[in-house]
Structures are given as structure tokens and as C-alpha cells.
2 protein chains.
Amino acid sequence: MNIENSKAQMKKGILEYCILSIISRGEVYASDIIDELKNSKMIVVEGTLYPLLTRLKNDELLSYQWIESKSGPPRKYFQLTKEGKKILKELEETWNELVQAVKYTTTQSNKK
Amino acid sequence: MNIENSKAQMKKGILEYCILSIISRGEVYASDIIDELKNSKMIVVEGTLYPLLTRLKNDELLSYQWIESKSGPPRKYFQLTKEGKKILKELEETWNELVQAVKYTTTQSNKK
DNA sequence: TTTAGTACTTTGTATTGCATAGTACAAAAT
DNA sequence: ATTTTGTACTATGCAATACAAAGTACTAAA
């Protein structure tokens, strides 16, 4: 029984919501996203983030453009599409429902 | 982009915590657990629950005993082991941390 | 020119929720 | 007595995604 694995499993499905949320606040590129997640105590690694961004792009929730960097290779800046904004709202709803359901499940005192 | 799939993905890793929590309140068998989850708006199916219960038993977080039923086949009643109680506390902590992290990620207003 | 740092891509693995098929037991129906 | 129905559990294959690791590409510094 590995608590770190439980953490990773709990993260599944939630990162999508978090990442769309970060991008909804303005154009960012991958390292920005990793930094923001880190700030929020949510550690995500490249092997997760890049494929996830690609999936979101393929699902047409994101669009991107290449922008030259001042001090290194070019960067891919992402924005939400119209569809992306819509799905973000749905994911927010879904997450809130899940939080309520877990709360209810774990604090219920009578089985009835 | 399928919101139902997002729901299922979000559930991954969380069910463990919910199920241990339900069992912590007293001996129950599988259908009891499904009912309680349903009451809490968390739908889980047999194909998920049974293997999960088996995993938890194999990890020594649960023990069980067969009890004859009044009106059907015998039932497997589960209880938490000492280890199970300990892990439940850790999962509770882990979940709360995750909820905080998501909240922080999705409501942060300045990138800094 | 080579090295180091940054950014992105690809692929394979492990894990788990779901769908489905099947077995087993007991009570009800035939 | 036998068959059907309802309940309970087992097993297996699939889909999806977080993570680890290997690799490519670009730019600035050494």
C-alpha cells in the first residue's frame, strides 16, 4: 500500500480541469503551467503534461502559437478555444459534484 | 470530449478512500457499499467494487467473514484492519490536500 | 565548435474504473 | 422434484491517464 501511488491515482482526471483553468487566465506555455501547479502543491511532470496538452489540443479545447523566446528555444503558447471555455465550466461542475459526493460519503453518520 | 469519461477518470484513486470510510463505520457487504455510494451520488459498479475490495483485502487493509443470508446466498462482510484504519487516515489527509491544491489552482488570480 | 540549459515529442509501463461473461447459492415458481 | 429468478461474488479484457525515461531541437554560453 503506497500512499504516493494513491496520490497519483487521485490526480487522474483532475489535471485536465486544473490545466484548462490555468490557461483560461491567459496565454501560457508548458513551463509556466508546471510552475503554477507547483505553487499550488500539485506536482506534475513533463511526461504527463505534454501528452495532456496534446490531447486537449486534439480535442479542440486549446489552440496554440509558437513564440520565439528571448533566451532559448521557441515556446508553444496555449489559449482556450470557445469549446475549451465551455468544457472548463462543465469540468468545474463535475469536480464540485465529486467533492460533495466524497464529503457525503465520508462524513455520513447513519447508514439508514 | 466526453464529460462522463471525465467523471470516471476523476473517480480513479478516490474510491479507495470512500470505500474504506464506509467500512470504517461498521461491517458491511458489497451491496451495502454500493447502496451507500449511490446515496452519495457516487455510482460504482460491481466490476469496479469487487476487484477493489479484493485489492484492499490483499493489501491487508480489510478482513472479511462469510455470513449466511436470510434470503439468498451467503455474504462477505468486511471490516477494517488496524492497518486499514491507519491508511484511511492517510487517505483522508491526501484527499484534503488534493482538494486544497485544486482550489488553489483554479481560483488563483495572479500568476506572479 | 562544443556544452549546457530550455522546450517539446515519443513511447512504454503501471494502475484502476467500467463492461461483460460467468459461477454459485437460496428462495420462489412451475 | 425441477426450473426459474434474484442475489452475491469472481474473472477478464479494454480504455484512459499519470509517470518514467529516452530522444530531438533550438539558443546562448563556454
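Reminder, nothing fancy here: chain letters follow the sequence lines and each chain counts from 1.
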Show which side-chain atoms of residues 81-88 of chain A pair as donor or acceptor with protein atoms under 3.5 Å away, not counting sequence neighbours.
residue	atom	partner	partner atom	Å
A:Thr81	OG1	A:Glu60	O	2.7
A:Thr81	OG1	A:Leu61	O	3.1
A:Thr81	OG1	A:Glu83	N	3.4
A:Thr81	OG1	A:Gly84	N	2.9

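- Contacts between residues 83-93 of chain B and DNA chain D, defined by a heavy-atom separation below 4.0 Å, involve no residue at all.
- Taking atom NZ of residue A:Lys57 and atom C1' of nucleotide C:dT9, one finds them 11 Å apart after rounding to whole Å.
- Relative to the six-membered ring of A:Tyr29, A:Lys76 misses at least one condition, a distance below 6.0 Å or an angle of at most 45° to the axis.
- For DNA chain D, the outermost nucleotides in 5' to 3' order that have an atom under 4.0 Å from a heavy atom of chain B are D:dG6 to D:dT17.
- For the pair B:Leu49 CG and C:dG17 P, the interatomic distance rounds to 10 Å; values are reported in whole Å.
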What's touching nucleotides 13-15 of chain C from the protein side, N or O pairs under 3.5 Å?
residue	atom	partner	partner atom	Å
C:dT15	O3'	A:Gln9	NE2	3.3
C:dT15	O2	A:Lys12	NZ	2.8

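- Hydrophobic clustering, with ILVMFWY side chains joined whenever heavy atoms are under 4.5 angstrom apart, groups A:Val44 together with B:Val102.
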Using the side chain to side chain contact (heavy atoms under 4.5 Å, CB included) rule, take B:Ile19 and B:Leu49 through it: C-alpha gap first, then chi angles, then the decisive distance, then the call. CA-CA 9 Å; B:Ile19 284 162; B:Leu49 184 60; 3.4 Å; yes

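- Judged by distance alone, with hydrogens and angles left aside, the side-chain atoms of A:Thr94 form a donor-acceptor pair with the main-chain N or O of A:Glu90 at under 3.5 Å.
- The nearest heavy atom of DNA chain D to B:Tyr29 and to A:Thr48 marks one nucleotide each, and the one closer to the 5' end goes with B:Tyr29.
- Atom OG1 of B:Thr48 sits about 10.5 Å away from atom CG of B:Leu53, to the nearest 0.5 Å.
- Within the structure, every pair that satisfies the salt bridge (Lys or Arg N to Asp or Glu O under 4.0 Å) test and touches residues 1-14 of chain B, not counting sequence neighbours, is listed here: A:Glu97-B:Lys7.
- Within the 4.5 Å cutoff, the side chain of A:Arg75 has no heavy atoms near those of the A:Trp66 side chain.
- Distance OH/A:Tyr77 to CG/A:Asp32: 5.5 Å, rounded to 0.5 Å.
- Separating the CG atom of A:Leu52 from the P atom of C:dT9 is a distance of 13 Å, rounded to the nearest angstrom.
- Here the P atom of nucleotide C:dT16 and the NZ atom of A:Lys7 are 16 Å apart, to the nearest Å.
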Show each protein N/O and nucleotides 26-30 of chain C N/O combination with a separation under 3.5 Å, one pair to a line.
none

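- The environment of A:Tyr104 atom OH is sparse: at most 12 non-hydrogen atoms of other residues, nucleotides or ligands sit within 6.0 angstrom.
- In this structure, a donor-acceptor pair under 3.5 Å is present between the side chains of B:Gln79 and B:Gln65.
- Closest-nucleotide positions on DNA chain D for B:Ser31 and A:Glu46 were compared, and the one nearer the 5' end corresponds to B:Ser31.
- Considering only side-chain N and O atoms, A:Tyr50 lies under 4.0 angstrom from the phosphate OP1 or OP2 of C:dC8.
- Note: NZ (B:Lys76) to P (C:dC25) measures 13 Å, nearest angstrom.
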Residue pair B:Thr105, A:Glu36: steps toward the side chain to side chain contact (heavy atoms under 4.5 Å, CB included) verdict: CA-CA 7 Å; B:Thr105 300; A:Glu36 291 229 7; over 6 Å; no

